[in-house]
Protein chains: 2
Amino acid sequence: MSQFGEYIRNRREELQKNSPSMFSLRKVAQEADIEPSYLSKIERGLQPPPGQTTIEALARVLDEDKDVMLALAGKVSDDLSKIIQKRPKLFATLIRELKDMPDKAVLRLVREVRDGEW
Amino acid sequence: MSQFGEYIRNRREELQKNSPSMFSLRKVAQEADIEPSYLSKIERGLQPPPGQTTIEALARVLDEDKDVMLALAGKVSDDLSKIIQKRPKLFATLIRELKDMPDKAVLRLVREVRDGEW
DNA sequence: CATGTTGTGTAGTATATACTACACACTCCA
DNA sequence: TGGAGTGTGTAGTATATACTACACAACATG
C-alpha cells in the first residue's frame, strides 16, 4: 500500500485549516493541472500515485519536499537517476554500502563532501 | 539514443568469437527467456531496451555488470531505488552533492565507509 | 431558496511498455 | 543437396500508466 494518498490528503487538510479557499481539493488540483476527481481518487488511494511531473507540481503546491513525495510514490527523481547512470558502478557501490548505515554516518559524509575535506 | 543495443551486440559478438555455439543470438535469447527476433531488434536499436528483469538476465548471460547495463538502458536497479526511498532526503542530498565530484573522491568515501572510519 | 462550492462516482481514453508468434532468406557442412 | 543453424521482417498482443470528462449529491451562505 502506497501511503502517498493519505500523506497528501493530510497535508492538504492541514493547509486548508489556515487558508480554506486556497487549499480546497479543486484549487490544489487546478494548481497541479489535473482533474479534481483524479486528485480525489489519488488522495483516497483509489488510484495509484500520479506521474513524476504531477508529483512535483503537488509538492510545489503543498510546499513539500519533492524527494520525499516521490519516495512515497515509489519513485526516484530523474535528476538523481541520471547522476547514478553516469557512473553506475561507483554510485551503486556507495549506495549499497550505505544501506544500513545510521543517518548520522551518512550525514557526516555529506558534510565531509560539502566542506571539501580533500 | 540509447547505446544499450550496440553495447550488448558487441559484447555478444566478442563472446561468440571464443564460443560460437554458446553465444548465438538464439542461444542468448533463450537463456534470457525472450524471443530471438526481439533480441535482434534490441541489439540493432529498433526496439528500446527491455525491462529490468530481462536486462538482468542478459547481464547474467553476457557476464556483464547489471548496474552498467541498467544505466545504458536509462534505468536504476530497484534495490538502489528502494534504499534511496527509505531515506529520500538523506540520499538525495548526498547524491546531488557528489554529482560533480571526481571518481577518486567518491571512491575514497566508499573506502571510508567500508573500512568503518567512525 | 437559488447559487456556488465542496468532494465524489462512473466511464471512459491515449500512449507507452514489454513483449510474442511465425515466416523468411541466407550460410555452412556432411 | 538438404537439414540445421544463423539473423531478421512483419504483424500483432497484453498490460500498465496516466490521466480526462462530466454528472451528481451534500452543504453553506447571502
Separation of [N] [atom2] from [X] [atom1] (nearest whole Å):
{"X": "B:L39", "N": "C:dA21", "atom1": "CG", "atom2": "P", "value": "16 Å"}
{"X": "B:K41", "N": "C:dT17", "atom1": "NZ", "atom2": "P", "value": "17 Å"}
{"X": "B:Q47", "N": "D:dT13", "atom1": "CD", "atom2": "C1'", "value": "13 Å"}
{"X": "B:I55", "N": "C:dT17", "atom1": "CD1", "atom2": "P", "value": "12 Å"}
{"X": "A:I42", "N": "D:dT17", "atom1": "CD1", "atom2": "P", "value": "14 Å"}
{"X": "B:E56", "N": "C:dA18", "atom1": "CD", "atom2": "P", "value": "13 Å"}

Under-4.0 Å side-chain N/O to phosphate OP1/OP2 contact, [X] with [N]:
{"X": "B:T54", "N": "C:dC19", "result": "yes"}
{"X": "A:R44", "N": "C:dG7", "result": "no"}
{"X": "B:K75", "N": "C:dA18", "result": "yes"}

Selected nucleotide, minimal atom distance to A:P36 side chain, candidates C:dC19, C:dT8, C:dT20: C:dT8

Ion pair A:R9/A:E6, N-O distance below 4.0 Å: no

Salt bridge present between B:D79 and A:K99 (N-O < 4.0 angstrom): no

Flag if over 12 foreign heavy atoms under 6.0 Å of CG, B:D33: no

A:D65 atom CG: more than 12 heavy-atom contacts under 6.0 Å: yes

Closest-nucleotide 5' rank along DNA chain D - winner of A:Y38 and B:E43: B:E43

Comparing B:P48 and A:R9 on DNA chain C - which has the more 5′ nearest nucleotide: A:R9

Chi angles and distances behind the side-chain contact (heavy atoms from CB on, under 4.5 Å) call for B:L70, A:Q85: CA-CA 8 Å; B:L70 286 167; A:Q85 284 158 21; over 6 Å; no

Donor-acceptor pair (no angle test) under 3.5 Å: A:S37 side chain, C:dG9 base: yes

For DNA chain D, the residues among residues 12-35 of chain B that have a non-hydrogen atom under 4.0 Å from it: B:R12, B:Q16, B:S24, B:L25, B:R26

OG1 on A:T53 to CD1 on A:I34, rounded to 0.5 Å: 11.5 Å

Gap between atom CD1 of B:I83 and atom CG of B:L90 - 0.5 Å precision: 12.0 Å

